[in-house]
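Here's the structure, in structure tokens; my notes come after.
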2 protein chains.
Amino acid sequence: MNDVMARIEILKLVAHPARIAILEELSKGVKCVTDLQDFIEISQSNISQHLSALRHAGVIDYFVDGRLRCYFLKNPFVLDLLGTIRKDYPAALEGPECCPVTKKGKYPGKRKN
Amino acid sequence: MNDVMARIEILKLVAHPARIAILEELSKGVKCVTDLQDFIEISQSNISQHLSALRHAGVIDYFVDGRLRCYFLKNPFVLDLLGTIRKDYPAALEGPECCPVTKKGKYPGKRKN
DNA sequence: TTATAATATTAGAGAAATAGAATATAATAG
DNA sequence: CTATTATATTCTATTTCTCTAATATTATAA
């Protein structure tokens, strides 16, 4: 239950274009910050801020190489999410069967919209 | 690419405890608003607001049954997400191999933290 | 040492999300 | 009709997020 809350926190973090871009880069392999700057056109300090947030949430981690920080993806849930985000899906799920029963009522069959 | 932006918008919506609760209920079957109120302890108007947001994003849809609105899950991406959120994962991904090469440097092997 | 390169931190303004309160709508029952 | 039930909408204060700008830190190179 509380575990789901942790997952929600991570979802929130991942649900951001720049952070998705960072994470997709990292999913290909270790990258230092300068490497990331070549791929993502946002400011250095903003990249650092995103990296910091992702690290505090346990999504990524880094090695130190001199003055470089070499970041990598750590969280398997997030790796799975990244796959899901790029996956193809049918336009919509099959609608529910004709006359579904809810607690309050039994839908008679007419569809709004 | 732009498709990814749409997915990110949906991720943002899903990344909320009440909306996850609503979606998990709907993933089990059609539910009208009163049914949902029994499961989720937030105000009626707030539930309506969440349902409205989810519907505008194409995540859910509804049938009309008299004065009831019977909501159901429509978006297959979201159904997949719900599964992922409840899935078990190893604590962490295997770290990258010892001396990964980044554009700027080759990590010598020492790990921070 | 001093300069520079790589990265992080802090502060703050502006934007967006959230929830509560009050009110509106719409359908049915009486 | 009128009351009631089911649900939606609007307004709004508050909180949270996001980015920019400026500055700090740290390691290496010169």
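Order of the sequence lines fixes the chain letters, A, B, ..., with proteins taken first and strands second; residue numbering starts at 1 for each chain.
- Between Arg19(A) and Lys12(A), the shortest heavy-atom contact is NH2-O, 4.0 Å.
- Taking each heavy atom of Leu23(A) and Leu82(A) in turn, the nearest pair found is O-CD1, 3.7 Å.
- When all heavy atoms of Met5(B) and Pro17(A) are compared, the closest pair comes out as CE-CB, 3.7 Å.
- Counting only residues at least two apart or on different chains, the ring-ring contact (aromatic ring centres under 6.0 Å, His included) pairs with a member in residues 9-31 of chain B are His16(B)-His50(B).
- When the C1' atom of dA17(C) is taken as reference, atom CD of Glu9(A) falls 14 Å away, rounded to whole Å.
- For Phe39(A), there are no ring-ring contact (aromatic ring centres under 6.0 Å, His included) partners two or more places apart in sequence or in a different chain.
- The minimum heavy-atom distance linking Asp65(A) with Cys70(A) is given by the pair CB-SG, 4.1 Å.
- A heavy atom lying under 4.0 Å from DNA chain C marks the following residues of residues 16-28 of chain B, by number: His16(B), Arg19(B).
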Please list, pair by pair, any protein nitrogen or oxygen found under 3.5 Å from a nitrogen or oxygen in nucleotides 8-13 of chain D.
from, atom 1, to, atom 2, distance (Å)
dA8(D), OP1, Arg69(B), NH1, 3.2
dA8(D), OP1, Tyr71(B), OH, 2.4
dA8(D), OP2, Ser48(B), OG, 2.4
dA8(D), O5', Ser48(B), OG, 3.3
dA8(D), N7, Gln44(B), NE2, 2.8
dA8(D), N6, Gln44(B), OE1, 3.2
dT10(D), O4, Gln49(B), NE2, 2.7

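- Distance, Leu68(B) CG to dA29(C) C1': 14 Å, rounded to whole Å.
- A search for side chain to side chain donor-acceptor pair (under 3.5 Å) contacts involving Glu24(B) returns Arg86(B), not counting sequence neighbours.
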At a cut-off of 3.5 Å, list every protein nitrogen or oxygen paired with a nitrogen or oxygen from nucleotides 24-30 of chain D, distance to 0.1 Å.
from, atom 1, to, atom 2, distance (Å)
dA27(D), N3, Arg67(A), NH1, 3.2

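- Look at His50(B) and you'll find a side-chain N or O under 4.0 angstrom from OP1 or OP2 of dA19(C).
- In this structure, Ile42(A) atom CD1 and dA21(D) atom C1' are separated by 15 Å, rounded to whole Å.
- Across all their heavy atoms, Ile10(B) and Ala57(B) have their closest contact at CD1-O, 4.4 Å.
- Here the shortest heavy-atom pairing between Pro76(B) and Ala91(A) reads CD-O, 4.0 Å.
- Looking at Arg55(A), its side chain never comes within 3.5 Å of a backbone N or O of Tyr62(A) through a donor-acceptor pair.
- A straight line from NZ of Lys12(B) to P of dT16(D) spans 17 Å, rounded to a whole angstrom.
- Between Leu13(A) atom CG and dC17(D) atom P there is a gap of 9 Å when expressed in whole angstrom units.
- Put simply, the side chain of Asp35(A) gets close to the backbone of Cys32(A): a donor and an acceptor are under 3.5 Å apart.
- Rounded to whole Å, the distance from CZ on Arg55(A) to C1' on dT9(C) is 14 Å.
- Rounded to whole Å, the distance from CG on Asp38(A) to C1' on dA5(C) is 14 Å.
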